[in-house]
Amino acid sequence: MPTSSEKVEKAEVPEKAMATVPAGTPATNGTPAPRKPRAPRHGWRRALEVIVIVALIIGANVLITLGFELYSSLANVMWDEYRAAANENIDTVIVGSSTGQRSFDPAVLDATLGTTTFNMSTPAQELDDSYTAAKQAIEDHHVKRVILALDYESVSTVKWPGSHVAFARAKMAGESFPQAVADYWKLLTSSSFFDGADSICALFPWGYNHVELDTEHIATNFTDRVSDTTPVEAAERVMDGWTYYGNGYGNYDGVLDYSTARDHLSVSVDGPADFDQQGLDWIQNICDLCRENGVQLVVVVTPRPAYNVLAYGEKYPEQMSRLQQVVEQAGGTFLDANLAKGGWYEPRDTDFYDGEHLNHDGATSFSHAFAGALQVLDAGGSTSGLTYSYDQWDNYLASIDEISAVISTSCLEDNNTVVSAMAYTGSNVQVEYRFSLVAEDGSTTVVQDWSTSDTCTIPEDEIPEGSSQVEVCARQVGTAVGYERYCMQDISG
């Protein structure tokens, strides 16, 4: 029987609240009932959404690439010109990086040798790309000779991801769809990308190889790509001073300013690196390719100013001899033009565009000399006598009878500015230096006259207001010339 209190509680409950709640209906306690979960989308709808998103990303990437990726790259020039020569006889190809592209004029070689040469070198061409180029030429034209152009960095610094992608994409541009897909897959899985962050270059090439980021250059690049403009025409317009001469070869006419030699040193502040084994392996692959196809291989270390050889010190003969051994053991011919003897090839100061490349006149001169070396080979002779061997490094050093360049550095020590100079020259050359302060109007004041001391200390209170540079001049001891080489050293900070 209910108590009195139970009767009161029951009486205070509204009749509506006492209504029977149907079974299975959730109690709301005054809050809205939750919505039923939406039925899952069918698998085909999800797949369609993914396809649309991917298509939008690809479409945007294609449009951005058309406008931003550099159409006038020299890799595009080379492959476009190579495809244009598909029906021509080519018996010799040159492969390698920009030093090869700007050291050999095919027209000069062919005029002397009666050959038909095409220069397939491209800027920062990786050695496995050199292999690809040589292989393509062997398959397409059954070439008889491959010239592989190298420098120290070709084997010590073997990976240039951006140029690797530019090379592959330029090659793919004129290929059938199945071959282009195969080359793209090879690119994506290559050792240069598969295990590194640089693989993004292969998917978004405009990110590394783009035009100047302004409306005019982007619009022009887009128009060139979708119009009848050839890569050669675009390159000659975009690259100030660059001229295309034919058969894959183009060059500049500028001349190296030796007073800026420090800016053109190939050796880093950490010193020269040893050769990368992968680089030597790739060269071995090129050697094997040529031997298996009965193709003559000539490996050439291209010319550079003497200071940019001397800067490597003993590392140069030590590492280069490793390269020579690989080539000659595989049956190839090896020739280092930097160690050329005077009777064969003597570069002039005006032959160089910068610290690593010949200009057009320099390439013409070297091509004439190199054609003579190939004539010796074709006659069954040896080219070993044309250069100093690496075992004769001391003889090479003794042969340099001039100052190739002078560079300088500065630092602060006890409120004094200390300027140090370094001359690159042969082992038998004695050097003396003169240090002068340069005023704002360009006038100079000698602070340390000619002496064999390569260091000058200038007290802070002796530096006139407005003077921010020191001119360092160098000449051989015993000469009376004003100077042979000079450089400018900033002391402003």
Side-chain angles (χ1 to χ4, degrees), residues 73-75 77-78 93-106 108-109 117-131 133-134 146-160 162-164 166-167 239 242 244-245 247-256 261 263-267 272-273 275-276 279 282-283 286 297-312 316 319-320 323-324 327 334-340 345 347-348 351-370 373 387:
S73 76
L74 295 187
V77 169
M78 187 278 284
V93 291
I94 302 157
V95 297
S97 64
S98 58
T99 57
Q101 201 270 333
R102 291 160 63 179
S103 291
F104 299 97
D105 184 343
V108 174
L109 297 178
T117 304
F118 194 93
N119 195 326
M120 301 183 76
S121 303
T122 53
Q125 186 178 105
E126 293 188 2
L127 289 167
D128 59 340
D129 288 333
S130 296
Y131 175 94
V146 169
I147 300 167
L148 172 60
L150 299 173
D151 57 18
Y152 194 101
E153 289 68 43
S154 299
V155 197
S156 63
T157 308
V158 299
K159 293 183 179 180
W160 294 283
S163 297
H164 184 57
F167 180 91
M239 299 180 187
W242 184 83
Y244 184 68
Y245 294 96
N247 288 359
Y249 167 67
N251 214 331
Y252 294 86
D253 291 324
V255 177
L256 170 65
D263 298 331
H264 296 279
L265 279 173
S266 299
V267 180
F275 281 177
D276 188 287
W282 279 340
I283 290 173
I286 296 172
L297 174 65
V298 182
V299 176
V300 186
V301 182
T302 52
R304 55 176 54 188
Y307 76 82
N308 229 355
V309 177
L310 298 170
Y312 291 93
Y316 192 87
Q319 295 300 307
M320 283 296 190
L323 169 61
Q324 181 180 17
V327 173
F334 183 86
L335 200 62
D336 189 339
N338 289 311
L339 272 61
Y345 170 62
R348 301 162 298 182
D351 283 346
F352 295 98
Y353 176 80
D354 57 25
E356 297 178 346
H357 302 96
L358 293 167
N359 55 32
H360 178 54
D361 286 344
T364 299
S365 176
F366 177 63
S367 295
H368 278 296
F370 185 69
T387 65

Between [X] and [Y] (side chain of the first, backbone of the second, donor and acceptor by atom type, cut-off under 3.5 Å), is there such a pair?
X	Y	answer
Gln319	Phe275	yes
Asp336	Thr387	no
Asn308	Ser266	yes
Tyr307	Leu265	no
Asn247	Thr117	yes
Gln101	Thr122	no
Ser154	Asp151	yes
Asn119	Val93	no
Asn359	Gly254	yes

Nearest-0.5 Å distance, [atom1] of residue [X] to [atom2] of residue [Y]:
X	Y	atom1	atom2	value
Leu335	Gln324	CG	CD	9.5 Å
Leu323	Tyr152	CG	OH	11.0 Å
Met78	Tyr244	CE	OH	10.0 Å
Asp105	Tyr245	CG	OH	8.5 Å
Ile283	Asp128	CD1	CG	11.5 Å
Leu148	Phe334	CG	CZ	10.0 Å

Taking side chain as C-beta onward, heavy atoms only, is [X] less than 4.5 Å from [Y]?
X	Y	answer
Val255	Asp361	no
Phe352	Leu358	yes
Met239	Leu74	yes

Stepwise side-chain hydrogen bond (donor to acceptor under 3.5 Å, both in side chains) check, Arg348 with Ser365:
CA-CA 9 Å; Arg348 301 162 298 182; Ser365 176; 4.9 Å; no

Tell me the closest heavy-atom pair linking [X] and [Y], and the distance in Å.
X	Y	answer
Arg102	Tyr249	CA-CE1, 4.3 Å
Ser103	Phe366	O-CD2, 3.5 Å
Ile286	Ser130	CD1-CB, 4.0 Å
Ala149	Thr302	CB-CG2, 3.9 Å
Gly355	Pro305	O-CD, 3.2 Å
Ser121	Ser97	CB-O, 3.4 Å

Residue pair Ile94, Leu109: steps toward the side-chain contact (heavy atoms from CB on, under 4.5 Å) verdict
CA-CA 11 Å; Ile94 302 157; Leu109 297 178; 4.1 Å; yes

What do the steps show when you test Val77 against Trp242 for side-chain contact (heavy atoms from CB on, under 4.5 Å), and what is the final call?
CA-CA 12 Å; Val77 169; Trp242 184 83; 4.3 Å; yes

